[in-house]
Q: 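Sharing a structure with you now.
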Amino acid sequence: MDIWHYGFFTRAMMAGVLCGALCPVVGVFLVARRFSFFADALAHVSLTGLALGLVLGIAPGITTVAAVVLAAFAVEWLRQRHRFYADALLAAVMAGGLALGVVLVSKSRGFGADLTGYLFGSLLTIGPTDLWFIGIIFVLAVVAVTLLYKGLLAIALDEEYARAAGLPVVAVNAVFMIVAALTVAVAIRAVGVLLAGALIVIPVLIAVRLTRSFRGALLAAVGAGVILVVGGLHLSYALDLPSGPAVVLLGIVTLIGVTFYRRLVLRY
Amino acid sequence: MNIQAAGDAPSVKPPISFQHVSLHFGGNPVLEDVSLDINSGDFLAVLGPNGSGKTTLLKTALGLITPTKGKAMIFGVPAARFRRRYRIGYVPQKAGVFGDFPATVWEVVTTGRISRSGFLRPFSSQDRQIITDVLQRLGLEHLAARTVRSLSGGQRQRVAIARALVAEPEVLLLDEAAEGLDAPGEDAFYNLLAELNRDRGLTVVLVTHDIGAVSLRVRTVICLNRRVVFSGSPQECLENGKLAALYGMPVFVPSKWAGGREMQKPESERAY
């Protein structure tokens, strides 16, 4: 039977395409700023948000998004004050978020069977509500990035220059942090906490090996993200693999292939 | 001489003005009681050894750093509150690097136009024409579609200047912008600045520790060592032993740069 006849697969594919297109849009600006671990740090903090929801009896989706957005602002605040230790701060936030999450989970009794899906994603179990959530975040993020593109580009290329030129760097960064945090929340739903950063960064790494402009890298990364998610889902179905790891492993293989292609064929 | 004591300023507000500016980082003084006015049309070099506060002076002038004491003004407005930033062009230290992420010369240079064109508004045909004109003027038009990371150091430096110029500034502040260029590249770079100053009336403020390369071109030299220890013409600076006092050791300036005057020291005492 054709897999497209299954509602769960159609929903998974629609959500996957939206995730695959959205994650690299944020990823391009993070990689250009040399801040790639930001997504991973937020993803780990999301465990704290989820556990808080379970402990307090609030819908975990709400506490997760709240925790990730708060963490995004905290990380940006710390980055502005401790530029030279930005990567170390991300490592500390990542570990702290995970540790606090595990402590809280140990005090709650509601996690159990969902843990694997949370850690590695569960696109194939996405329901209509999740799909709406992902769709709304996709539209918001695309509108925000389109409107702020000039400023985001200037900041990504040279933040100090953007400040000197009087661009509203703080405001642009604040909006970008919200967009990035919501994107991480979407990526967690698709590939899980442990692999969310990969879906945000790997398509960008593939794109920069094939393009020669920022706009080109952005568009190519979006294309790569969609192809990886669609391909990974098909692999997952065909080979009976967990969907998140299938998407990420396909991305890694593609990245290695593109790197060799550039070195051996394009020779640059 | 264009440097004036603060308080003697003419009726037109000077582009950059420092009034008794002091700045401390972690309790350590970086600038102490600096007062100076930089007037329109000047071509000025700020000299000083490492750690003398040159870059801090520039960033304070841009409003990126707030003084601990005193006032830094841009066109008569406190630097931190100055809004029409397009009037001040800035070429930061290591501006030629731009990271390894792929970005074309056109993309990088257009970011300099945002302060003039508006943040949310798309670039107009006039904006694009001005960007094209600047690229042509700096000999970069044939490189517009190239990635910046594929360019030479000299070409990247011109990209950084082009990015500052597309905002049509009245003042250009450059922070050790010639560092890393070879001799011909450095020569072309200083000639370009002199040409912009002469033809467009652009006020140029150059932070550097390369007295030899600038002494034939700039009209004014400020020697900075946390305080302004000298301001005057390059000739006065070279003749009066100001450089030796500034650097705390004898300074050799090749006779080519010293306008034919030999200021040679014994080899063992030379510093460049």
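Predicted model only: the values in this text are computed from it and were never measured. So you know, we letter chains A, B, ... as the sequences are listed, proteins then strands, and number each from 1.
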Q: Quick one: what part of B:Pro169 sits under 4.5 Å from any heavy atom of chain A, side chain, backbone, both or neither?
A: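 Contact with chain A involves no heavy atom of B:Pro169 at all.
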Q: Taking all atoms of both residues into account, what is the closest heavy-atom pair of B:Ile114 and A:Gly151, and its distance?
A: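 B:Ile114 and A:Gly151 have their closest heavy atoms at CD1-N, 4.4 Å.
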Q: Most heavy-atom pairs under 4.5 angstrom with chain A, which of B:Arg146, B:Lys59, B:Arg83, B:Arg84?
A: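 Most heavy-atom pairs under 4.5 Å with chain A: B:Lys59.
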Q: Quick one: which of A:Ala32, A:Gly216, A:Ala207, A:Ala154 has the most heavy-atom pairs under 4.5 Å with chain B, could you say?
A: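 It is A:Ala32.
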Q: In this structure, are over 12 heavy atoms from other groups packed under 6.0 Å from A:Arg81 atom CZ?
A: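 Atom CZ in A:Arg81 is crowded, with more than 12 foreign heavy atoms closer than 6.0 Å.
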Q: Taking A:Lys150 for the side chain and B:Thr110 for the main chain, is one N or O donor matched with an acceptor at less than 3.5 Å?
A: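 Side chain of A:Lys150 to backbone of B:Thr110, a donor-acceptor pair under 3.5 Å: no, none is there.
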Q: Give a yes or no on whether A:Phe73 atom CZ has more than 12 heavy-atom contacts from other residues, nucleotides or ligands under 6.0 Å away.
A: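 Above 12, so yes.
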Q: Report yes if the side chains of B:Pro92 and A:Glu160 come closer than 4.5 Å at any heavy-atom pair, otherwise no.
A: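 Yes, side chains in contact.
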Q: Working to the nearest 0.5 Å, report the span between CZ of A:Arg163 and CG of B:Leu64.
A: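 A:Arg163 CZ to B:Leu64 CG: 8.0 Å, rounded to 0.5 Å.
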Q: Would you mind checking which part of A:Ala164 comes under 4.5 Å of any heavy atom in chain B, side chain (CB onward), backbone (N, CA, C, O), both or neither?
A: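 For A:Ala164, backbone and side chain are both near chain B.
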Q: Work out which heavy atom in B:Arg149 is nearest to a heavy atom in A:Val208; give both atom names and the distance.
A: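 Shortest heavy-atom contact: NH2-O, 3.7 Å.
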Q: With a 6.0 Å cut-off (strictly less than), is the heavy-atom count around CZ of B:Phe189, excluding the residue itself, greater than 12?
A: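 Atom CZ in B:Phe189 is packed in, count exceeds 12.
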Q: In Å and rounded to the nearest 0.5 Å, what is the CZ to CG distance from B:Arg85 to A:Leu167?
A: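 Result: 10.5 Å between the selected atoms.
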Q: Does any non-hydrogen side-chain atom of B:Phe101 lie less than 4.5 Å from one of A:Val28?
A: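 Yes, side chains in contact.
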Q: Step through the shown structure and confirm whether more than 12 heavy atoms of other residues, nucleotides or ligands are within 6.0 Å of CZ on B:Phe25.
A: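 Counting other residues, nucleotides and ligands, CZ of B:Phe25 exceeds 12 neighbours.
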Q: If you round to the nearest 0.5 Å, how far is CG of A:Leu147 from CZ of B:Phe119?
A: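 Nearest 0.5 Å value for the CZ-CG distance: 9.0 Å.
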Q: For the candidates A:Pro168, A:Ala165, A:Ser213, which exhibits the highest count of non-hydrogen atom pairs separated by less than 4.5 Å from chain B?
A: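 That would be A:Ser213.
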Q: Assess whether atom CZ of A:Arg79 is packed by more than 12 heavy atoms of other residues, nucleotides or ligands within 6.0 Å.
A: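 Atom CZ in A:Arg79 is crowded, with more than 12 foreign heavy atoms closer than 6.0 Å.
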Q: Does the side chain of A:Phe214 reach to within under 4.5 Å of the side chain of B:Val108, using non-hydrogen atoms?
A: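 They are not in side-chain contact.
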